[in-house]
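Naming: A, B, ... by sequence-line order, numbering from 1 per chain. Being a predicted model, the structure only gives us computed values, none of them experimental.
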Amino acid sequence: MFRDALLIAEKDLRIEARSRVVFSQVLPFAILALVLFAFALNADRPVLRDFTPGLFWVAVLFAGLLAIQRTTNLEHDDGTNDALRLSAIEPASIFLGKMMAISVQLLALEVLLIIGVLVFYGAAIESVAGGALLAVTSVVSSVGVAAAGTLYGALTAGIRGRETLLPILLLPVLAPVLISATRSFDDAFGSAAVNGWAWLALLGLFAVVYLTFGLLAYGILLEES
Amino acid sequence: MRQYVYTVPVVQLRDVVALLGRFPALAGVDLDVDEGEVVLLQGPNGAGKTTLLRLCAGLIPPASGEARIFGLDVVSQARQVRRRVGLIGHATGLYRDLTVLENVVFWARASRVDNPVDAAKAAMDRMGIETRLADLVVDRLSAGQRRRTSIATMVVRRPELWLLDEPHAGLDQSGRDKLDALILDAAAAGATVLVASHELERVGRLSPREITIAGGAVVSHVS
């Protein structure tokens, strides 16, 4: 199962590396969102510092939607969805592979956006523990967002107008990830007195739920799409 | 070459009805196709040929009736059926940002073919895909080259049942000849081939058995 998942992930990442959609379109969109947030808050650095975690995760989710949409469309543009169904790869492996590919893309995006908020918003990581919390939160959030995104991408795949439907369905599901990851980053950036590790545990729970549900339900959605 | 031995017809359809939404695309089809047969499906646009092929691939469930491929039920044993079937449809089934070789190798690996790179090169060679095209991304290929690549991705999987929907479309004379040779070789090795085509003369040379479908039903059967 894991070998097949790696095959799918490798294929999706190879396509992304060649087309560079994430880096030429999704990343600029995310950076633009960060800049616009700054304009909207009158470029007030103390305010931006305080709201860095929330603004960061909103930017990640919006930009992540584009990456999820892109990865979903890979299997629907030229009938590759049918070819996958005719292959020997189990649906759970396809889910896992696509989830891994989106996670890697989101992680790369988050690393660059963290640099962005450090530079543009004047945010600061206050300790080594804060840095570790930031890193682990990014990884777990990426898995959670990618798992839910892959699942909902398959859910909307066969529907006309899926580009607009996906955000409407997915964003409410990702609200717990947004809240938990923001609280965890609050602790990491020292912008609020909260227990970031407790929020990270909750975030991990959501990620496990999305992952489990995706592994179980993806095959059904693949058939319906 | 692999030889297959079946004690039941490879394709066995009994009073099969298939719906596309609420539209009855197949309306009570009965069909038996034995191992190693090449069968031409003909009929006007919208007759139900594509639906019939997709049903045989286990991609569309019958609304009623019984559909068995290799003796396996296409609904409850769909995954076992699909692994043994190759389908060339209207879509290419190719990833546009991968090269020709990467596409064929990917589908070989996805079907657990031994030595996938060698098998992919052999399949490409059989479809007459020039070596210089191997490292070209699919997005830069002509329609005919894409078609050849698409067929190579099916051939590399070595399916036991070939389901071909207008397979000659977009191919030049050389490509058509290569495809015909592949079909005949596959049938000689025991694979079963269903070809939906409007090119009656060409496909008629491959097989004496022709089935005409109209309005979702078999209206004539020539053997």
Pairwise side-chain contact, [X] with [Y], heavy-atom cut-off 4.5 Å (strictly under):
X     : Y      : value
A/D78 : B/Y95  : no
A/L74 : B/R96  : no
A/L86 : B/R157 : yes
A/T80 : B/F106 : no
A/D4  : B/R112 : yes

Just list the side-chain donor-acceptor pairs under 3.5 Å for residues 113-120 of chain B, sequence neighbours left out, or say none.
none

> Which bit of B/L94 comes within less than 4.5 Å of chain A, counting heavy atoms only: side chain, backbone, both or neither?
Replying inline: backbone
To the nearest 0.5 Å, what is the distance between [atom1] on [X] and [atom2] on [Y]?
X      : Y      : atom1 : atom2 : answer
B/N103 : A/K11  : CG    : NZ    : 9.5 Å
A/R3   : B/R109 : CZ    : CZ    : 10.0 Å
A/E223 : B/L59  : CD    : CG    : 8.0 Å

>> Report, in residue-number order, which members of residues 48-58 of chain B are under 4.5 Å from chain A by heavy-atom distance.
In response: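 Residues in range: B/R54, B/A57.
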> What residues of residues 136-155 of chain B sit under 4.5 Å from chain A when only non-hydrogen atoms are counted?
Replying inline: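 Result: B/V137.
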> Heavy-atom distance under 4.5 Å to chain B: side chain of A/R85, backbone, both or neither?
Replying inline: both
>> Let's go through A/R18 and B/D135 carefully: what are the C-alpha distance in whole Å and the side-chain angles of both, what is the deciding distance for salt bridge (charged side-chain N to carboxylate O under 4.0 Å, His left out) to 0.1 Å, and is it a yes or a no?
In response: CA-CA 13 Å; A/R18 195 159 288 149; B/D135 295 324; over 6 Å; no
> Which residues, numbered in order, of residues 88-95 of chain A come under 4.5 angstrom of chain B by heavy-atom distance?
Replying inline: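 Only A/A88, A/I89, A/E90, A/P91 of residues 88-95 of chain A have a heavy atom under 4.5 Å from chain B.
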> Taking atom CZ of A/F51 as the centre, does the number of heavy atoms from other residues, nucleotides or ligands within less than 6.0 Å exceed 12?
Replying inline: no
>> Looking at A/Y152, I want to see if its OH is surrounded by more than 12 non-hydrogen atoms of other residues, nucleotides or ligands under 6.0 Å.
In response: no
> For chain A, which of B/G89, B/A91, B/G93, B/A110 has the most heavy-atom pairs under 4.5 Å?
Replying inline: B/A110
